[in-house]
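For ligands, and for the atoms within them, numbers begin at 1 and follow the listed sequence. FYI, side chains are in, hydrogens and waters are out, and symmetry mates aren't considered; it's all heavy atoms of this structure.
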Amino acid sequence: MEEQTPRLCPDTIKSLEIICVGTELLMGHTVNTNAAYLAEQLACTGVPSYYQSVVGDNPERLLEVIRMSFSRSGGAILTGGLGPTADDITVETIARMLDTGVVIHPESQERIERHFQAHHIPMTPSNLKQARVPVGARILPNDRGTAPGGILEVCGKVLIWLPGPPTEMREMFEKSVKNYLKSRAPLHIESTYIRLFGIGESAAEDRIKDLMIHQTNPTIAPYCSTGECMFRISYSSTPGHTDSSAREPVDHLIKAVSDRLGDYIYEIGKRTLPEVVSDLLRERKKTISFAESCTAGLLTSMIGEYPGASDILSGSVIAYSNTSKTDLLGIPSQLIATRGAVSEEVAMEMAIRCRQKFSSDLAVSITGIAGPDKGTAGGPVGLVYLGFSQQDKAFVRCLRLSGDRSRIRYITALNALDLIRKELIHEG
Ligand code: ATP
Ligand code: MG
């Protein structure tokens, strides 16, 4: 939309607050994943963010937090409240805050009409409310839904508003907001992620403590999630002052960290462990199959999540009960009776027979006690055996994990993936 009133454009945005609108967020019915996503994105784009607010569908309180963002920050990025119903108040409130009117945006109106036709849903007059935008705004198209977003710059401040549904919000941010923010960020920030498995956060930090203490730019920061840890290396520069030698200290630091943490590093970049393993299998032209007991398909679904899994995944068996281990995989019931379902011998047989069943290059089996009860298998909660089989080799690894049922199952699946990764790498 053409700007209809003269606006002052700030060259740089000194900082932005994140404001998430929705009573369901305040009530705890919806987890505020938009705030986490936007916080991470703002950090990447180099726009500082010092405050986050959640506000219900209430115009007065929304007005108050937007005002606050104008007084202490360079403005705000808002999500939610762009829907067609009476409790969706974001656009009207922004217009009120900026003392501007609201007009129909013809392109958005057409888009909304097309959306309803394409989905064979009758359109009600209230749906057209979503085509109403504050005067003077730059309108951001919504390729996944109906509500457009927008950007308005006024008196050196910026307001950006995006839809609430996370898929719509993320796509709009990627397509229409990210580059806008980068071009106005006070800092240019480049980040590289080093991802590790098999080593705890403190042990990993211990190995690189001296590097962490002495760095100011680039900086190195640890992050930890269930079973994994990650270091983020960030280099910041002033826009326009980034020369080609800027990467040198970053590369130097990555090399120093790699030298110290070696095999624990599964990725320098953005890929997850299942993605790395899938890519390795594809590069090596290998197929794999799984025989899962206590993880009940979790490992298979981690591989299945990525497109092209059919190139590498031959199949899998969820052999949960003792009977299914015998019926589906042919494990002798005598072996289960004498050694126990959770044993080195059964894990080995499961892997070997799984590979034969699916005629895959590799197979991995999992049998263990996820808890909270010991179950019929006996043995301590967290005892897990991973079996590995390929043409010329088969072995079993024993894990002793701690935590609740979901953690034990999840860490087991990650350990299985890491075992496959190491086997593929060391095979060359
Ligand atoms: P709609 O047109 O669907 O009403 P909207 O822009 O008005 O979209 P909301 O009504 O605020 O957005 O939220 C719609 C849905 O999007 C919510 O029910 C919730 O599932 C999800 N959602 C909204 N805000 C967030 C958030 N901050 N984090 C995660 N999910 C959110
Ligand atoms: Mg809504």
Side-chain angles (χ1 to χ4, degrees), residues 16-43 49-66 68-69 73 75-97 102 104-105 107-134 137-152 159-178 181:
L16 277 185
E17 301 195 8
I18 296 169
I19 301 174
C20 295
V21 186
T23 303
E24 81 275 14
L25 295 164
L26 277 184
M27 306 284 290
H29 296 155
T30 302
V31 178
N32 193 356
T33 56
N34 285 357
Y37 172 85
L38 288 174
E40 203 180 347
Q41 292 298 321
L42 285 173
S49 182
Y50 305 119
Y51 300 95
Q52 295 182 3
S53 313
V54 174
V55 62
D57 305 310
N58 176 291
E60 300 310 321
R61 287 191 278 270
L62 178 55
L63 199 61
E64 198 182 316
V65 288
I66 297 176
M68 187 69 99
S69 77
S73 306
I77 180 159
L78 296 95
T79 74
L82 302 183
T85 56
D87 62 356
D88 292 306
I89 42 106
T90 301
V91 166
E92 275 70 16
T93 310
I94 289 170
R96 234 176 103 193
M97 168 76 203
V102 174
I104 286 281
H105 182 241
E107 270 175 49
S108 296
Q109 179 172 347
E110 272 171 44
R111 269 177 169 265
I112 293 165
E113 285 165 352
R114 276 204 307 274
H115 177 91
F116 279 90
Q117 274 163 12
H119 292 85
H120 303 288
I121 306 169
M123 201 173 114
T124 65
S126 69
N127 290 119
L128 276 186
K129 180 183 165 200
Q130 290 184 303
R132 286 159 59 82
V133 302
R138 179 193 305 184
I139 299 307
L140 314 177
N142 186 338
D143 291 334
R144 286 193 173 252
T146 49
I151 301 178
L152 236 170
L159 277 182
I160 300 169
W161 58 99
L162 304 173
T167 49
E168 297 178 30
M169 190 275 297
R170 287 173 188 219
E171 185 153 329
M172 196 179 281
F173 184 91
E174 278 293 327
K175 286 185 176 168
S176 308
V177 182
K178 201 175 201 167
L181 290 179

Any side-chain heavy atom of T79 sitting closer than 4.5 Å to one from I77?
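A side-chain contact under 4.5 Å is absent here.
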Looking only at protein heavy atoms, which one is nearest to [atom], and how far off is it?
{"atom": "atom 11 (O) of ligand 1", "result": "G81 N, 3.1 Å"}
{"atom": "atom 10 (O) of ligand 1", "result": "D88 OD1, 3.7 Å"}
{"atom": "atom 1 (P) of ligand 1", "result": "G83 CA, 3.9 Å"}
{"atom": "atom 25 (C) of ligand 1", "result": "N34 ND2, 3.3 Å"}
{"atom": "atom 17 (C) of ligand 1", "result": "E24 OE2, 3.3 Å"}

Just jot down the ligand 1 atoms closer than 4.0 angstrom to any heavy atom of [X], in number order.
{"X": "P166", "answer": "21 (C), 29 (C), 30 (N)"}
{"X": "V31", "answer": "28 (N), 29 (C)"}
{"X": "V21", "answer": "11 (O)"}
{"X": "T30", "answer": "19 (C), 29 (C), 30 (N), 31 (C)"}
{"X": "Q130", "answer": "2 (O)"}
{"X": "N32", "answer": "26 (C), 27 (N), 28 (N)"}
{"X": "G80", "answer": "6 (O), 11 (O), 12 (O)"}
{"X": "T33", "answer": "28 (N), 29 (C)"}

So does A147 get a backbone contact from the side chain of N142, meaning a donor-acceptor N/O pair under 3.5 Å?
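Confirmed, N142 side chain pairs with A147 backbone.
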Is the backbone of N127 close enough, under 3.5 Å, to the side chain of T146 for a donor and an acceptor to pair up by distance?
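Looks like no, no N/O pair under 3.5 Å.
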Do E92 and R96 sit within salt-bridge range, that is, some charged N less than 4.0 Å from a carboxylate O?
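No.
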Specify the closest pair of heavy atoms between R144 and T167, including all atoms of both residues, with the distance to one decimal.
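Heavy-atom minimum between the residues: CD-O, 3.6 Å.
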List the atom of P141, the atom of M172, and the distance in Å for their closest heavy-atom pair.
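Heavy atoms only, the tightest pair is O-CE, 3.5 Å.
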For M123, does the CE atom sit with more than 12 other heavy atoms under 6.0 Å from it, leaving out its own atoms?
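Count over threshold, so yes.
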Should the heavy atoms of other residues, nucleotides or ligands under 6.0 Å from CZ of R170 be counted, would the total exceed 12?
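Counting neighbours around CZ of R170, more than 12 heavy atoms of other residues, nucleotides or ligands fall under 6.0 Å, so yes.
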Would you sort out whether S69 and Y51 count as a side chain to side chain contact (heavy atoms under 4.5 Å, CB included), showing the intermediate values?
CA-CA 8 Å; S69 77; Y51 300 95; over 6 Å; no
Which pairs count as salt bridge (Lys or Arg N to Asp or Glu O under 4.0 Å) when at least one residue sits in residues 17-41, sequence neighbours excluded?
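Every salt bridge (Lys or Arg N to Asp or Glu O under 4.0 Å) pair that includes a residue of residues 17-41, provided the two are not neighbours, is E17-R72.
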By atom name, which N, O or S atom of D88 is the nearest to the Mg ion (ligand 2)?
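Distance check against the Mg ion (ligand 2) picks out OD1 in D88.
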Output, in order, the C-alpha distance, side-chain angles, deciding distance and verdict of salt bridge (charged side-chain N to carboxylate O under 4.0 Å, His left out) for E171 and K175.
CA-CA 6 Å; E171 185 153 329; K175 286 185 176 168; 2.8 Å; yes
Measure the distances from the heavy atoms of G22 to every atom of ligand 1 and state whether one is below 4.0 angstrom.
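Not so, G22 does not reach ligand 1.
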N/O/S atom of D57 inside 2.8 Å of the Mg ion (ligand 2), strictly under
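It does not; every qualifying atom lies at 2.8 Å or beyond.
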Among P165, A36, A147, G164, closest by any non-hydrogen atom to atom 31 (C) of ligand 1
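Considering heavy atoms of P165, A36, A147, G164, the nearest to atom 31 (C) of ligand 1 sits in G164.
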